[in-house]
Amino acid sequence: MATLGKCMECSGLVSSQAAECPRCSTRYPFGVRCTVCCQTLKRSEALKIAKDYGEIGLPTSVKFFHYSCHQQVSQLRIGRSRTSCPVCLQSIEFDTSSSVNCPNCGQKFSTHFKNPSFASCYYCGFLLNKNLELAIKEVNRQFLDGYVTETLYAHKVCYTQDRQDKEKIQQKKEEFELTMANRQNYHNRRQKQRSDKIRETLAMSLILGLGVGIIVGGLGGGISYFVFGFGYSWKNAALLGFSGISILTGIAVGIFSLFE
C-alpha cells in the first residue's frame with residue numbers, strides 16, 4: 001500500500017510508489033543509500049558510480065557514495081614510507097606505491113614496494129588493503145566438478161553495524177537451513193534403509209518359504225499320505241504340506257526381521 005513521504009530534495013509530499021517527484025523531478029525522492037556507510041543521503045549530494053559489464057550480459061551495477069566515504073575506500077593507504085632519490089639523493093616520503101617521482105629532480109624510480117591490495121571489497125567493490133580489511137564470512141563456490149571454500153573480505157569502514165547484524169541473521173538462517181537439510185537427508189536415508197530391508201525380507205521369506213516348503217512340506221505331505229493315508233493322493237498331500245510350510249516360514253521370517 002502506497003504512503004506519503006517527504007521528498008529529500010524539495011521537501012514536498014510524494015507517494016512511496018512514485019517513479020519521480022512531481023515537483024523537482026528527482027528519480028530518488030527518498031534519497032539513496034551510501035554503499036560504504038549505509039546511510040541515506042540526498043541524490044544531489046551523492047556520487048554515482050555505474051559499472052557496465054558489457055558482453056557478459058549482466059545488468060549495469062549502480063552504486064552511490066558520500067564523497068568522503070568514496071575517498072576512504074578508493075584511496076586507502078597503509079601508512080607512509082620513506083626513501084631517497086637515486087639521482088639527487090633527496091629524501092622522499094611517499095604513500096604506498098610501486099613507483100614515485102622525485103619532487104627535486106623529477107626522476108621517476110621504483111620503490112620496490114609491492115601493491116598490498118589482492119582482493120575486492122564484498123560491499124563497495126574497491127580494492128582492499130591487507131592492513132585495513134576484515135574477513136567477514138566463508139562461502140562455497142563451485143569450481144570445476146566440486147566446491148571450494150572462499151573467504152570474503154571487506155573494508156572495515158564498509159562493515160557497518162547494520163551489515164554485521166544482517167550477516168549474523170543470515171548466518172543463523174543458513175545454519176537452520178543446513179540443520180533442516182541434514183535432518184531431511186537423515187530421514188531419507190532411514191526411509192531408504194527401511195525400504196531396502198522390507199525388500200530383503202520379502203525376498204528372504206519367499207526363498208526360504210519355497211525351499212523349506214519343498215523340502216519339509218512336500219516330503220512331509222508325501223510321507224503322511226503313505227503312512228497315515230492323509231489326503232486324496234500323495235500329490236495332494238505334498239501340495240498341502242508345501243503350501244502350509246511355505247506360508248508359515250514366510251511369516252516367521254517376517255516376524256523375526258521386525259525384532260532385528
Side-chain angles (χ1 to χ4, degrees), residues 1-81 93-101 103 115-137 139 150-174:
M1 182 177 177
T3 57
L4 286 177
K6 186 177 290 187
C7 175
M8 292 186 67
E9 299 290 345
C10 67
S11 299
L13 293 179
V14 60
S15 169
S16 60
Q17 296 182 359
E20 63 179 35
C21 177
R23 295 172 183 79
C24 61
S25 300
T26 179
R27 294 176 57 191
Y28 304 94
F30 302 106
V32 294
R33 194 181 188 191
C34 176
T35 305
V36 175
C37 67
C38 300
Q39 299 299 314
T40 302
L41 69 157
K42 294 181 179 180
R43 171 63 187 93
S44 58
E45 298 176 355
L47 173 65
K48 176 182 177 181
I49 296 181
K51 185 175 181 181
D52 187 0
Y53 293 94
E55 298 179 356
I56 300 180
L58 297 175
T60 301
S61 171
V62 178
K63 295 178 180 180
F64 297 96
F65 299 86
H66 286 107
Y67 281 88
S68 58
C69 290
H70 177 264
Q71 187 174 13
Q72 288 186 73
V73 297
S74 63
Q75 299 180 14
L76 284 173
R77 298 286 183 262
I78 65 169
R80 298 182 67 82
S81 299
E93 189 180 80
F94 66 98
D95 285 330
T96 303
S97 178
S98 58
S99 63
V100 66
N101 290 321
N115 185 358
S117 302
F118 64 96
S120 297
C121 176
Y122 178 68
Y123 298 111
C124 70
F126 284 96
L127 288 177
L128 289 165
N129 188 300
K130 63 184 180 183
N131 284 5
L132 297 172
E133 71 187 15
L134 284 172
I136 56 174
K137 63 179 177 179
V139 296
E150 178 184 355
T151 304
L152 299 181
Y153 296 89
H155 293 116
K156 292 179 181 179
V157 68
C158 292
Y159 197 39
T160 61
Q161 187 62 48
D162 179 55
R163 284 173 172 155
Q164 292 179 39
D165 294 339
K166 288 182 178 179
E167 287 295 341
K168 291 178 182 178
I169 294 173
Q170 181 64 26
Q171 184 178 6
K172 290 181 180 179
K173 181 181 177 181
E174 291 174 355

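The first residue of the sequence shown is numbered 1, and numbering continues consecutively from there.
Nearest heavy atom pair, residue Cys69 against residue Cys37, reads SG-SG, 3.9 Å. The heavy-atom pair separating Leu13 from Arg23 by the smallest distance is O-NH1, 2.8 Å. Counting all heavy atoms, side chain and backbone alike, Leu4 lies closest to Ser15 at CD2-N, 4.0 Å. Summarising the geometry of Glu9 relative to Cys24, their closest heavy-atom pair is CB-SG, 3.8 Å, with the distance given to 0.1 Å. Closest heavy-atom contact between Val14 and Pro22: CG2-CD, 4.0 Å. Taking all atoms of both residues into account, the shortest heavy-atom contact from Phe65 to Ile49 is CE1-CD1, 3.8 Å.
For the pair Arg33/Cys38, a side-chain contact is recorded, criterion being any heavy-atom separation below 4.5 Å from C-beta on. You'll find the side chain of Val139 stays beyond 4.5 Å of the side chain of Tyr122, heavy atoms only. Residues Val32 and Thr40 form no side-chain contact, since every pair of their non-hydrogen atoms from C-beta on lies 4.5 Å or further apart. Considering only heavy atoms from C-beta on, Gln171 stays 4.5 Å or farther from Lys137 through its side chain.
Evaluation of the ring pair (Phe, Tyr, Trp, His ring centres under 6.0 Å) test over residues 7-29, restricted to residues two or more places apart or in two chains, returns Tyr28-Phe64.
The line from OG of Ser120 to CG of Leu152 is 11.0 Å long, rounded to the nearest 0.5 Å. In this structure, Cys7 SG and Arg43 CZ are separated by 13.0 Å, a value rounded to the nearest 0.5 Å. With values rounded to the nearest 0.5 angstrom, Tyr153 atom OH is found 13.5 Å from His155 atom NE2.
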**Q.** Working for side chain to side chain contact (heavy atoms under 4.5 Å, CB included), residues Val73 and Cys121
**A.** CA-CA 9 Å; Val73 297; Cys121 176; over 6 Å; no

**Q.** Derivation and outcome, side chain to side chain contact (heavy atoms under 4.5 Å, CB included), residues Val62 and Lys48
**A.** CA-CA 7 Å; Val62 178; Lys48 176 182 177 181; 3.6 Å; yes

(Q) As a quick check of understanding, evaluate side chain to side chain contact (heavy atoms under 4.5 Å, CB included) for His66 and Gln39, giving each step before the final call. (A) CA-CA 9 Å; His66 286 107; Gln39 299 299 314; 4.0 Å; yes

(Q) With side chain to side chain contact (heavy atoms under 4.5 Å, CB included) as the criterion, how do Ile136 and Tyr123 come out once you've worked through the C-alpha distance, each side chain's angles and the decisive distance to 0.1 Å? (A) CA-CA 11 Å; Ile136 56 174; Tyr123 298 111; 3.8 Å; yes

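Side-chain N or O atoms of Ser16 include one that pairs as donor or acceptor with a backbone N or O of Thr3 at under 3.5 Å. Checking side-chain atoms of Arg163 against main-chain N and O of Lys166 turns up no donor-acceptor pair under 3.5 Å.
In the displayed structure, Lys6 atom NZ is contacted under 6.0 Å by at most 12 heavy atoms of other residues, nucleotides or ligands.
For the residue pair Gln170/Glu174, the side-chain donor-acceptor check at 3.5 Å is satisfied.
Taking the side-chain contact (heavy atoms from CB on, under 4.5 Å) definition, one finds that Lys172 meets it with nothing, sequence neighbours left out.
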